[in-house]
Amino acid sequence: MAGWLEGRVPNWPGYLSDEFGAEEENGARHLVPVLVTLNRAGFVTVGSQPGEVDGRYRQRASVDGIVHDHGPLFGRLLALQGQGFTVVRGWPKQQHVITEENGRPFTTFGGWRWRRDYVHTMWRGVGHRALRELREHGASIHIYDPVWGRDDRLWPALAGVVR
């Protein structure tokens with residue numbers, strides 16, 4: 001994933017496009033160094049966005065991914081809850097809105113049930129050993145700043161958990 005974020009790997013399993021991610025096009029390029037560092041430390045990020053307010057849209061700074069459920073990084077990520085961020089482990093029954101368009105939910109997580117073969121679909125193409133490790137020890141985690149548009153707190157806090 002770090003190689004993909006840096007533009008060295010053209011795709012990652014489960015990604016819907018054959019092109020490098022949109023980070024360099026949508027004003028989120030400043031997230032890449034933090035995301036690369038997180039991935040190299042063991043938090044495999046699969047989604048992220050900056051906090052911003054732009055006309056019809058408003059969004060919360062957020063990141064989600066998978067981390068080993070018994071590793072020290074997992075505990076440090078969960079501890080971000082105490083710094084004012086919303087940290088959700090697993091897939092919640094309640095829907096969390098992280099982007100709104102004209103006051104209506106646009107990007108969300110939770111609120112629906114993952115299919116049983118989600119891990120296989122999301123990570124199609126990785127080895128059997130890696131899939132087994134994901135199923136047995138991969139903890140899904142979502143972290144976001146509850147303040148709409150704020151983009152200057154989450155990224156330094158995330159960088160701090162891997163220093």
Salt bridge (Lys or Arg N to Asp or Glu O under 4.0 Å) partners of Arg153, counting only residues at least two apart: none

Looking at side-chain heavy atoms only, is the closest gap between Phe109 and Tyr144 below 4.5 Å? yes

Quick one: are Pro105 and Thr108 in side-chain contact, heavy atoms under 4.5 Å? yes

Is the shortest heavy-atom distance from the side chain of Val97 to the side chain of Trp148 under 4.5 Å? yes

What heavy-atom pair brings Gly149 and Val53 nearest, and what distance separates the two atoms? CA-CG2, 3.7 Å

Arg150/Asp145 ion pair, N-O < 4.0 Å: yes

Is there a side-chain contact between Ile141 and Ile66, using heavy atoms and a 4.5 Å cut-off? no

ILVMFWY network linking Ile143 to Val36, side-chain heavy atoms under 4.5 angstrom: yes

Can you tell me how far the OG1 atom of Thr86 sits from the CG atom of Leu80, to the nearest 0.5 Å? 11.0 Å

Working to the nearest 0.5 Å, report the span between CZ of Phe106 and CZ of Arg56. 8.5 Å

Quick check against the 3.5 Å criterion: does Arg60 have a side-chain atom that pairs as donor or acceptor with the backbone of Val147? no

Under 3.5 Å, side-chain donor or acceptor atoms of residues 154-163 against the rest of the protein: list the pairs with distances, not counting sequence neighbours.
residue	atom	partner	partner atom	Å
Trp155	NE1	Asp151	OD1	2.7

Are Gln59 and Thr107 linked by a side-chain donor-acceptor pair shorter than 3.5 Å? no

Could you pull out the closest heavy-atom pair between Arg89 and Leu78, with the gap in Å? CB-CD2, 4.5 Å

Check step by step if side chain to side chain contact (heavy atoms under 4.5 Å, CB included) holds for Leu35 and Val63. CA-CA 9 Å; Leu35 295 171; Val63 64; 3.8 Å; yes

About how many Å separate CD1 of Ile98 and CZ of Arg58, when rounded to the nearest 0.5 Å? 13.0 Å

Is any side-chain heavy atom of Ser140 less than 4.5 Å from a side-chain heavy atom of Asp64? no

To the nearest 0.5 Å, what is the distance between OG1 (Thr45) and CG (Leu38)? 6.5 Å

